[in-house]
Number of protein chains: 2
Amino acid sequence: MSLAPSFLAPWRSSLAHALHRNRALAYARYLQLATINKNGAPANRTLVFRGFLAGTNHLTFVTDTRSEKAEQINHNSQGEVCWYFPKTREQFRIAGRLYLIDHQHRNTDLQASRCATWQALSDAARAQFTWAPPGQPKDAELTVNGFFPDPIEPLPNFGLLLLEPLSVDHLELRGDPQNRCRYLRQNDQDSDLTWLTQMINP
Amino acid sequence: MSLAPSFLAPWRSSLAHALHRNRALAYARYLQLATINKNGAPANRTLVFRGFLAGTNHLTFVTDTRSEKAEQINHNSQGEVCWYFPKTREQFRIAGRLYLIDHQHRNTDLQASRCATWQALSDAARAQFTWAPPGQPKDAELTVNGFFPDPIEPLPNFGLLLLEPLSVDHLELRGDPQNRCRYLRQNDQDSDLTWLTQMINP
């Protein structure tokens, strides 16, 4: 993964426009992330978009490192998010590589980003990381802790999740005919400078 | 796939309740389907829920058989839908096997369902199946046809897509703590009668 400063990818302006025009809907920042589970089957769940990693085109999310999703990503880093914007009736499909930045990650810049993301969360969102292990059978003994953890120092099970986009498919349902545009990153190394943009049939 | 009449799976009432309470939002019937593409990477896109196949717990959708998704499903039938309901703030993840019923499918009951689904579509939805091959580079020569096809007899590229659920994960974000329930189909043959229901940590 390159952390060198990169120019905005050509799909960024369309996505920024969609986010702006749908800003009245809190759930316009929710999207679905597909990964592959340990049995080779697809898995899919809703995540909250937490903005772009500064100076890059990488999308950021948060996750509990005890979740099935974290295990899946450590095993297979491929992912595709599907992001539907209800008000403007458009969809972005963003495929790429996932990186889980946990408390042991050695890159100091990414560790700083992990801390900053923790600090930007609400108290309620941080409190979820004090809960019992997600996905495990509910145990009356292991009730929800429900305390508010330190707002500065992340809990060890707090993970910053990054998606480095390699292809983007933008579909606009409005219009007759509909518009669909595909963006492919050409250079798999070093930079985000080169993208191929192509109009395709909807 | 069993087409024998089956009892409603235990998660059906929760899903029916969510559909009812979110009925004012047209896009509450939109969900995201994850599949695996030919390179083994996850793919993810928005589909419209078209109801349950009569007498079963199978979800129905429509698709163009010329789409990448159809090719993916013929190669790997595993899928998971993620269905988020904005108004009630709950999510269903439904994993199972996908079946594409195309114009050559030999089961007469399923072929009848395919025709009935075609007939229930709007003119505008049917017209999309007259468009140029989806996902191909846009060609000025191959413009959108834009005619309204026969409302009775489906076009050959019209596919009925079925998802036979094998596991369901229902998360309710409202409530402190949140509720999460997992349903696993126990009998992989013959019937949908036996489901294991378990409360798990959110």
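We name chains A, B, ... by the order of the sequence lines, and we start the count at 1 in each one.
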Pair A/W131-B/Q178, side-chain contact (heavy atoms from CB on, under 4.5 Å): steps then yes or no
CA-CA 10 Å; A/W131 295 0; B/Q178 301 167 358; 3.6 Å; yes
Under a 4.5 Å heavy-atom cut-off, does chain B meet the side chain of A/A43, its backbone, both or neither?
both
Less than 6.0 angstrom separating the ring centers of B/Y30 and A/Y84, yes or no?
yes
Determine, stepwise, if the pair B/N179 / A/K138 fulfils side-chain contact (heavy atoms from CB on, under 4.5 Å).
CA-CA 10 Å; B/N179 287 313; A/K138 200 157 190 170; 3.9 Å; yes
Atom CZ in B/F85, atom OH in A/Y27: separation rounded to 0.5 Å?
13.0 Å
Answer yes or no: are there more than 12 heavy-atom neighbours, outside B/E68 itself, under 6.0 Å from its atom CD?
no
Under 4.5 Å heavy-atom distance to chain B, tell me which part of A/R180 shows up: side chain, backbone, both or neither.
side chain
Measure distances from A/L33 to the heavy atoms of chain B and classify the residue's part below 4.5 Å as side chain, backbone, both or neither.
backbone
Residue part contacting chain B, namely of A/Q198, when any heavy atom lies under 4.5 Å
side chain
Looking only at A/A34, A/P134, A/P86, A/G135, the option with the highest number of non-hydrogen pairs under 4.5 Å against chain B is A/G135
Kindly give the heavy-atom pair with the smallest separation between B/Q78 and A/P42, and that separation in Å.
O-CG, 3.4 Å
Got a donor-acceptor contact below 3.5 angstrom from the A/N201 side chain to the B/P133 backbone?
yes
Is the backbone N or O of A/N44 less than 3.5 Å from a side-chain atom of B/R93, with the two atoms forming a donor-acceptor pair by type?
yes
Heavy-atom pairs under 4.5 Å with chain A - which of B/A124, B/G40, B/A95 has more of them than the others?
B/G40
Looking at A/C82, is its backbone amide N or carbonyl O close enough to the side chain of B/Q32 to form a donor-acceptor pair, meaning the two atoms are under 3.5 Å apart?
no
For the backbone of A/T46 and the side chain of B/Q91, can you confirm whether one donor and one acceptor N or O come within less than 3.5 Å of each other?
yes
